[in-house]
Trainee: 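Dropping a structure here in structure tokens format, bear with me for questions.
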2 protein chains.
Amino acid sequence: MAKINMERRAKIGRERRARTHAQIVEAGTMLLAQGPAKALTVEAVAEAAGLAKGTFYYHFQNIEELVSEVTGQLGRSFDDVLSPDRFEMSDPIARISFAFTQSLEKAISDTGWARLVVQSAQTRGEFARSVRDNLKTEIAEAIAQGHMTVRDPELAVDILVGIWLQVTRGILQRVAPPELSSQALEAALRAIGSARPKSPSP
Amino acid sequence: MAKINMERRAKIGRERRARTHAQIVEAGTMLLAQGPAKALTVEAVAEAAGLAKGTFYYHFQNIEELVSEVTGQLGRSFDDVLSPDRFEMSDPIARISFAFTQSLEKAISDTGWARLVVQSAQTRGEFARSVRDNLKTEIAEAIAQGHMTVRDPELAVDILVGIWLQVTRGILQRVAPPELSSQALEAALRAIGSARPKSPSP
DNA sequence: AGTCATTTCGACGATATAGTCAATATGAAA
DNA sequence: TTTCATATTGACTATATCGTCGAAATGACT
């Protein structure tokens, strides 16, 4: 009786629904990477996705819910950029360095992503917090191992995040010089008092 | 004929007009220091200033013009914080250090000001550019004198501005530990490769 | 007290955006 | 081909904010 109906319902909806949902997220991501978040309107998203406004509301409660999902997706993409080899490294400074460089390189090669990161870091507490928390874990370890001059973990995080974010902004406004990522990394390591020789011994 | 009218006109208007204008700017400043710039509405400003909406439009073309003036005023207050003794210093690094510390101290003692600075740095190109340009002048000199490891002036500016801005943000979200400004300064100097002993000789 | 340039007021029309909903379309399964 | 759960549409209402304008208030000067 009801059984068949439920099965049908579940089966039919999935793919179509998921596709449209993804379309909207994609459109929202694109628009967010372009202008300021305040200018993100339901109509603009719907039009960019080639859908009617009502369809948007069938998939999301409101713009906030969409932005939240975009932010979440960005966070995951962030992890993708950083994770592959990172967990193999035993030294927390090495992990930080890897993440720092990787995300700058990604920003250079994908300015849309960079724009989104900068945008989100400014306006989405969740995103900023997540980045901060990850960093803080590494830094606490580094401090404990006596690998850093800076003793206040919060300050250390501010320094690293500050340099990273501002250099990323710079990438969006100027052409990135060849050695940018490595030079920025060296400066960041000096700042927290973890300067190391350039050649990482094997 | 017209002479008397013109004189009257000029004389009468001044004070009253200036006072109301200032009221509006003050209200706008307060609101900007509170929430995001997108939420700044003409009605909100008018109400906060205790005036009718029409009065706002008698003094400003639109919100943008108000925000622009607030930004300009902030820029001037910024100079006030920095200027008094700065020009007496011959060493560019000393000048940078002075400005860096002063503005962090100001942020600690006046969080409204800090909020405004952070806000403006993010959304007002003019403000960000002005800060950048001032810094770049000093940095170019420091590089020329061989006082810095970092050679790319743009990168040096990004590093200093990045740390400064992020530490300022930190001040707004956490309680500033006692030695914050000086520790942040030391980190910043290390970052650009201009570490100096703590005691500035006379 | 009267004059008049200037300033202030708030109602008003215009516009933009949010969110709703009844009607319609879609397409897999029977 | 028909059925029907699900998805899509766009017109509609509600609301927020903008910017305008004629009328009223202000207050320095006569």
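Below, chains carry the letters A, B, ... as their sequence lines are ordered, and counting in each starts from 1.
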Trainee: Any idea which of D:dA7, C:dC9, C:dA18 is nearest the B:L51 side chain?
Mentor: C:dC9

Trainee: Enumerate the residue pairs fulfilling side chain to side chain donor-acceptor pair (under 3.5 Å) with a member in residues 120-131 of chain B, sequence neighbours excluded, ordered by first and then second residue.
Mentor: B:E64-B:R124, B:T71-B:R124, B:R124-B:E126

Trainee: For C:dA18 and A:T41 - does any side-chain N or O of the residue sit under 4.0 Å from the phosphate oxygens OP1/OP2?
Mentor: yes

Trainee: Mind calculating the distance between CD (A:E43) and P (D:dG10) to the nearest angstrom?
Mentor: 12 Å

Trainee: Go through D:dC18, D:dA7, C:dT7 for me and flag the one nearest to the B:K53 side chain.
Mentor: D:dC18

Trainee: Is there a donor-acceptor contact under 3.5 Å from the side chain of B:S194 to the main chain of B:H147?
Mentor: yes

Trainee: Can you tell me which residue pairs pass the salt bridge (charged side-chain N to carboxylate O under 4.0 Å, His left out) test with a partner in residues 94-105 of chain A, sequence neighbours excluded?
Mentor: A:R95-A:E138, A:R95-A:E141

Trainee: Are a donor atom and an acceptor atom from the side chains of B:E65 and B:H59 found within less than 3.5 Å of each other?
Mentor: no

Trainee: Taking only side-chain N and O atoms of A:T20, does any of them lie within less than 4.0 angstrom of OP1 or OP2 on D:dT8?
Mentor: yes

Trainee: Quick one: list whatever passes side chain to side chain contact (heavy atoms under 4.5 Å, CB included) with B:Q102, sequence neighbours left out.
Mentor: B:V81, B:L82, B:F98

Trainee: I'd like to know whether B:R115 forms a salt bridge (Lys or Arg N to Asp or Glu O under 4.0 Å) with B:D110, so could you lay out the CA-CA distance, the side-chain angles of the two residues, the decisive distance to 0.1 Å, and finally the verdict.
Mentor: CA-CA 9 Å; B:R115 249 178 273 272; B:D110 184 350; over 6 Å; no

Trainee: Could you note down all residue pairs passing salt bridge (charged side-chain N to carboxylate O under 4.0 Å, His left out) where residues 24-43 of chain B supplies at least one of them, sequence neighbours left out?
Mentor: B:E43-B:K53

Trainee: Does the side chain of A:T55 get closer than 4.0 angstrom to OP1 or OP2 of D:dT9 through an N or O atom?
Mentor: yes

Trainee: Does any donor atom in the side chain of B:R169 or B:Q166 lie under 3.5 Å from an acceptor atom in the other side chain?
Mentor: yes

Trainee: Among residues 27-40 of chain A, which contact DNA chain D at a heavy-atom distance under 4.0 Å?
Mentor: none

Trainee: Taking DNA chain C as the partner, which of residues 56-66 of chain A come within under 4.0 angstrom of it by heavy atom?
Mentor: A:Y57, A:N62

Trainee: To the nearest angstrom, how far is A:R17 atom CZ from C:dA28 atom P?
Mentor: 17 Å

